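Chain A is the first sequence line, chain B the second, and so forth, proteins listed ahead of strands; every chain is numbered from 1. Only a predicted model underlies this, so the values are computations on that prediction, with no experimental measurement involved.
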Amino acid sequence: MRTHRCGELTAADAGSSVTLCGWVHTRRDHGGVTFIDLRDRSGLVQVVFSPEISLAAHAAAEELRGEFCVQVQGSVAARRSGTVNPRLATGEVEVAAHELTVFSRAETPPFQVDGHGEIEETLRLRYRYLDLRREHMRDNMLLRHKIISAIRRFFDAEGFVEIETPMLTRSTPEGARDYLVPSRVHPGDFYALPQSPQLFKQLFMVSGLDRYYQIVKCFRDEDLRADRQPEFTQLDMEMSFVDIADVLDVTERMFKFVWREALGVALDDFVRMTYGESMERFGVDKPDTRFGMELTDLGDVFAGTEARVFRAALDDGGAVKCVTLAGRADMGRKDLDALVDEAKSLGAGGLVWAGVTAEGIRSPVDKFFSDDERAGLVKVAGAEEGDLILIVADGDPGVVYKVLGALRNRLADRHGLIPERAKSDPEAWKFVWITDFPWFEYNEAEGRWDPIHHPFTGVVEATKDYLETDPGRVVSKAYDITLNGWELASGSIRIHDRVMQERVLSALGISDEEAQARFGFLLNAFRYGAPPHGGIAPGIDRIVALAAGESNIREVIAFPKTQSATDPLTGAPAPVDDAQLKLLHLRSTAPAPPEN
RNA sequence: GCCCCAGUGGAGCAGUCAGGAGUGCUCAUCUCCCUGUCAAGGAGAAGGCCGCCAGUUCAAAUCUGGUCUGGGGCGCCA
């Protein structure tokens with residue numbers, strides 16, 4: 001039905017006869033001559049309908065309107081001098097139309113496909129098929145394909161095999177909430193949709209498949225965020241006979257390959273940072289290193305302080321830390337109060353601000369500082385005249401990290417501290433490996449130690465004997481990749497030794513019976529010669545979002561869910577017939593919807 | 001579960017702080033004019049439950065309370 005794509009015509013095609021199919025992007029009717037921009041996936045080209053070329057085609061073009069789906073047969077012509085459009089890739093040529101076929105007329109769309117501004121997202125999602133016609137979304141979908149295609153080419157070349165794992169599997173109570181699927185055949189029993197293929201890929205290693213990857217949907221029934229959807233796509237990967245360095249090497253080369261193929265960028269080597277260093281410097285385990293404003297510890301400065309909040313925090317074994325916002329010492333009282341409220345809403349008891357001015361420190365608590373403390377604060381914080389120092393003190397160092405880490409990111413955004421860089425600039429992409437995570441974190445609510453990664457994560461040899469004595473000091477063989485402040489991937493070297501696995505489960509307070517019931521199939525598999533193995537699982541949606549310059553993964557997912565996990569296009573989730581429920585041995589306890 | 005922001009012809013906005021007739025802008029739609037435009041131009045027209053419910057008031061898009069929807073965040077996300 002067509003010989004060329006619209007966006008691919010160039011001056012070299014001048015004189016050739018072409019047939020194009022696409023949608024009417026815009027129409028400019030001059031009465032005697034009519035222009036349309038014809039659009040397909042590849043882009044736009046101008047089509048001219050003139051009575052001097054074809055009376056019939058010109059007459060037929062009269063009825064054309066935006067988004068009509070048409071076929072045009074015509075000849076490519078170099079544009080007359082002075083009518084070249086440098087803003088269009090095909091702007092040096094136009095197609096003189098000899099014949100026009102209208103495949104489908106179109107109603108006036110609910111929003112303009114050729115529009116430039118923002119459109120309310122619910123409307124875009126309800127008419128996603130129209131939204132995807134827009135250049136921006138089309139580019140995002142094509143970039144997503146390019147990235148996924150590059151990933152597959154890389155792993156194929158490295159000797160990995162792509163194998164699918166089940167979507168209907170067994171619920172494991174730890175971790176995120178599962179999406180459940182009722183069994184018709186087994187009354188009262190449920191499958192769960194996978195949160196990740198974690199256990200299956202480890203079984204592949206026991207099977208000797210050696211190098212596995214899969215681009216796979218995963219499901220977690222938790223509340224949504226800009227970077228979280230209930231169903232999302234992972235690049236799941238696992239390798240045998242490897243240690244940390246091997247997985248990091250393959251993964252880093254994979255990202256470099258993808259960035260080169262999809263964006264044409266030669267990435268620098270990734271920075272490596274321990275979890276401890278990331279927390280100390282940035283307050284978070286996914287540092288955005290595109291800007292400074294790092295955290296500074298003020299414990300030494302205020303070691304002997306009389307200022308009550310600092311004294312109390314330090315005496316409780318907590319921390320006093322700060323970030324310095326350059327050039328904002330003159331911030332107004334209203335904005336400062338808002339910052340204090342923001343810190344409180346993040347969990348801090350308060351926020352102490354201190355402006356460095358020619359007259360000295362401008363701060364509500366200045367009167368509690370000694371001269372040494374004033375001088376020490378400015379010096380240690382590295383502040384200069386005109387800077388604003390923001391201090392958080394808390395008996396729990398975790399609160400200090402969390403509040404300052406969040407404020408650092410938010411203030412950088414608000415005050416434009418992140419340099420604008422072209423995508424082609426390697427400096428635009430700050431990949432950081434985070435390593436040496438603690439194995440456990442203490443769960444206050446439940447009064448027990450929980451895994452930071454998952455129960456099959458390897459233990460750094462030198463710290464394994466803390467398992468029984470001081471779990472907080474056990475270091476895991478887990479690693480993350482972060483990019484510009486986003487967590488892109490998590491992985492680990494796994495435990496392949498049954499004895500070590502039992503020690504870890506015991507430290508988690510999981511009994512043998514419980515372990516057997518939950519994931520006995522994996523533990524049993526390990527009885528038959530489990531190789532040393534490990535892997536990683538980058539999030540595809542986040543990778544594409546960052547590569548596309550989006551701050552929201554919905555922009556790179558064809559049919560995403562709203563924040564309340566609904567789909568305005570299909571209306572999912574929706575009620576089902578009682579008959580369907582009955583077949584599945586289910587009865588709803590939800591309150592009946594109000595009758596209208 | 002909690003905090004914050006938004007909701008005004010089909011789309012995007014202004015108007016809301018400081019109450020006074022659905023008041024305005026850009027685009028789209030419809031009719032007419034127009035043979036070189038390209039976000040075409042000109043003339044005209046149509047199009048509204050100011051998200052919804054209540055309250056205050058002589059009077060509510062505007063003030064108050066509630067509610068719904070969307071978005072950002074906290075909790076949650078091994």
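Scanning for salt bridge (charged side-chain N to carboxylate O under 4.0 Å, His left out) contacts around A:Asp341 gives an empty result, with sequence neighbours left out. Qualifying side chain to side chain donor-acceptor pair (under 3.5 Å) partners for A:Ser50, counting only residues two or more places apart in sequence or in other chains: none. Not counting sequence neighbours, the partners of A:Ser490 by the side chain to side chain donor-acceptor pair (under 3.5 Å) test are A:Asp480, A:Glu487. Remark: A:Ser564 pairs with A:Thr562, A:Thr566 by the side-chain contact (heavy atoms from CB on, under 4.5 Å) rule, at least two apart or across chains. With sequence neighbours excluded, no residue forms a salt bridge (charged side-chain N to carboxylate O under 4.0 Å, His left out) with A:Asp223. Legend: residues meeting salt bridge (charged side-chain N to carboxylate O under 4.0 Å, His left out) with A:Asp450, ordered by chain and number and at least two apart, are A:Arg448.
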Donor-acceptor pairs under 3.5 angstrom involving side-chain atoms of residues 505-512 of chain A: please list them, not counting sequence neighbours.
unit_1: A:Ser511; atom_1: OG; unit_2: A:Glu513; atom_2: OE1; d: 3.4
unit_1: A:Ser511; atom_1: OG; unit_2: A:Glu514; atom_2: N; d: 3.1

Where protein sits on nucleotides 37-45 of chain B, one letter per nucleotide: B base, S sugar-phosphate only, - none, heavy atoms under 4.0 Å
BBBB-----
Distances for protein N or O near nucleotides 3-11 of chain B N or O, under 3.5 Å:
unit_1: B:G10; atom_1: O2'; unit_2: A:Pro110; atom_2: O; d: 2.9

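Within the structure, side chain to side chain donor-acceptor pair (under 3.5 Å) contacts touching residues 548-560 of chain A (residues at least two apart or in different chains) are A:Glu121-A:Arg554, A:Arg124-A:Glu555, A:His136-A:Glu550, A:Asn140-A:Glu550. The side chain to side chain donor-acceptor pair (under 3.5 Å) analysis of residues 78-94 of chain A, with sequence neighbours excluded, yields the pairs A:Gln46-A:Glu94.
Contacts between residues 556-575 of chain A and RNA chain B, counted as heavy-atom distances below 4.0 Å, involve A:Thr562, A:Gln563, A:Ser564, A:Thr566.
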